[in-house]
Number of protein chains: 2
Amino acid sequence: MPNAHDELFRALADPTRRAIFERLCREGEQTVGALTALAGVSQPAVSKHLGVLKHAGLVRDRHEGRQTHYSAQLGALAPLIDWTSQMAGFWQSRFDNLEDLLKRMDQ
Amino acid sequence: MPNAHDELFRALADPTRRAIFERLCREGEQTVGALTALAGVSQPAVSKHLGVLKHAGLVRDRHEGRQTHYSAQLGALAPLIDWTSQMAGFWQSRFDNLEDLLKRMDQ
DNA sequence: GAGATCGATAACCCGCTGGCTATTGATATA
DNA sequence: TATATCAATAGCCAGCGGGTTATCGATCTC
């Protein structure tokens with residue numbers, strides 16, 4: 001079963017999309033136009049990427065007149081942090097077990 | 001320019017591949033056969049996934065007779081951790097700037 | 001040496017995804 | 001009201017990526 005991390009990892013896997021997200025983290029709220037100006041791809045492409053990011057909870061949008069402002073939602077990175085430390089935890093506990101084993105063998 | 005995180009994020013984006021990596025983290029070194037038995041895909045598919053993980057530095061292989069043992073390389077997750085905390089850092093510094101601004105406006 | 005097993009490679013297929021252009025809806029401006 | 005701008009959507013296309021089966025090289029086992 002594909003777990004909940006899927007959408008998050010997939011959303012961040014594309015370089016263009018990740019660049020957009022990074023920029024929103026660095027510089028804060030941006031309009032679609034501003035993002036498009038530096039994205040190196042067309043405006044519809046940027047909109048599509050923003051759609052994916054939004055669906056993954058990585059960005060919020062705010063409508064103001066005819067323009068839309070996007071901003072990063074840092075909280076969405078939490079599952080990624082959790083996953084990473086979980087992997088590290090598994091690693092560590094296996095290491096501990098090995099240590100125990102060696103200790104037991106030693107005496 | 002696609003940065004160095006690309007390969008890492010892409011490698012972890014696929015559920016099957018991530019499951020293999022998670023298993024290696026949980027249970028330690030495994031043969032291709034053992035991994036295939038529970039992966040839900042064919043042995044060549046598993047080999048291909050292991051190739052991708054290896055290329056991304058996430059696993060090591062060790063040959064022993066006719067079987068190959070793979071193990072997780074936890075250190076490869078470091079760039080991911082760095083990237084995450086960098087994003088958090090940008091966020092924080094923008095927040096600090098805002099705080100400064102408000103403080104300056106206040107007086 | 002013959003046969004079986006392990007895992008990597010080759011060759012192929014299909015679906016998804018990221019890109020594009022064109023268009024639409026909505027809002028601002030003349 | 002007519003026109004221009006912004007961003008989302010529609011519709012399309014090409015390439016890639018993850019899956020398969022078939023095969024090969026290498027190593028055990030008989």
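In the text below, chain A, chain B and the rest are named by the order of the sequence lines, each starting its count at 1.
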Practice problem: If a pair satisfies side-chain hydrogen bond (donor to acceptor under 3.5 Å, both in side chains) and one of its residues is in residues 34-44 of chain A, list it, with sequence neighbours excluded. | Solution: A/Q43-A/S47
Quiz prompt | Derivation of the side-chain contact (heavy atoms from CB on, under 4.5 Å) call for A/L35 and A/L24 | solution = CA-CA 9 Å; A/L35 292 170; A/L24 289 174; 4.1 Å; yes
Practice problem: Whole angstrom is fine here: how far is it from CG in B/D14 over to C1' in D/dC16? | Solution: 13 Å
Quiz item: Distance check: side-chain N/O of B/T16 vs OP1/OP2 of D/dG19, anything under 4.0 Å?
Solution: yes
Exercise. Could you please spell out the steps behind the side-chain contact (heavy atoms from CB on, under 4.5 Å) verdict for B/H69 and B/V32?
Key: CA-CA 7 Å; B/H69 299 258; B/V32 175; over 6 Å; no
Show the atom names and distances, to 0.1 Å, of all donor-acceptor pairs under 3.5 Å that link a side chain in residues 72-82 of chain A to residues at least two apart or in another chain.
none

Exercise. Would you mind reading off the distance between A/L50 atom CG and D/dC6 atom P, rounded to a whole angstrom?
Key: 16 Å
Quiz item: If we only count heavy atoms from C-beta on, is the B/V46 to B/V41 side-chain gap below 4.5 Å?
Solution: yes
Quiz prompt | B/F9 CZ - C/dT17 P separation (whole Å) | solution = 18 Å
Practice problem: Can you sort out which residues in residues 28-48 of chain A have a heavy atom within less than 4.0 Å of DNA chain D? Ascending by number, please. | Solution: A/T31, A/V32, A/G33, A/Q43, A/P44, A/S47
Quiz item: Over how many whole Å does the gap from B/D6 atom CG to D/dC16 atom P extend?
Solution: 15 Å
Which atoms of nucleotides 27-30 of chain C (N or O only) lie under 3.5 Å from a protein N or O atom, and what are those distances?
{"residue": "C/dT27", "atom": "O2", "partner": "A/R66", "partner atom": "NH1", "Å": "3.4"}

Quiz item: Whole-Å distance between D/dA8 P and A/H55 NE2?
Solution: 15 Å
Quiz item: Where does the angle between the aromatic ring planes of A/F21 and B/W83 fall among parallel (under 30°), tilted (30 to 60°) and perpendicular (over 60°)?
Solution: tilted
Please report, to 0.1 Å, the donor-acceptor pairs under 3.5 Å made by any side chain of residues 7-15 of chain B, with sequence neighbours excluded.
{"residue": "B/E7", "atom": "OE2", "partner": "B/H55", "partner atom": "ND1", "Å": "2.1"}
{"residue": "B/D14", "atom": "OD2", "partner": "B/T16", "partner atom": "N", "Å": "3.2"}
{"residue": "B/D14", "atom": "OD2", "partner": "B/R17", "partner atom": "N", "Å": "3.0"}

Distances under 3.5 Å only, N/O to N/O: pair up the protein atoms with those of nucleotides 13-15 of chain C.
none

Self-check item: Atom-to-atom span, CZ of A/R17 to P of C/dC16 - whole angstrom
Solution: 16 Å
Quiz item: Does A/Y70 make a side-chain N or O approach to OP1 or OP2 of D/dC6 shorter than 4.0 Å?
Solution: no
Exercise. Take A/L50 and A/I20 through the side-chain contact (heavy atoms from CB on, under 4.5 Å) test and state the conclusion after the steps.
Key: CA-CA 8 Å; A/L50 288 168; A/I20 291 175; 3.9 Å; yes
Practice problem: Using whole Å, report how far NZ of B/K54 lies from C1' of C/dT9. | Solution: 14 Å
Quiz item: Would a 4.5 Å heavy-atom cut-off, applied to side chains only, mark B/L38 and B/R23 as touching?
Solution: yes
Quiz item: Expressed in angstrom and rounded to an integer, what is the separation of B/H49 atom NE2 from D/dG17 atom P?
Solution: 12 Å
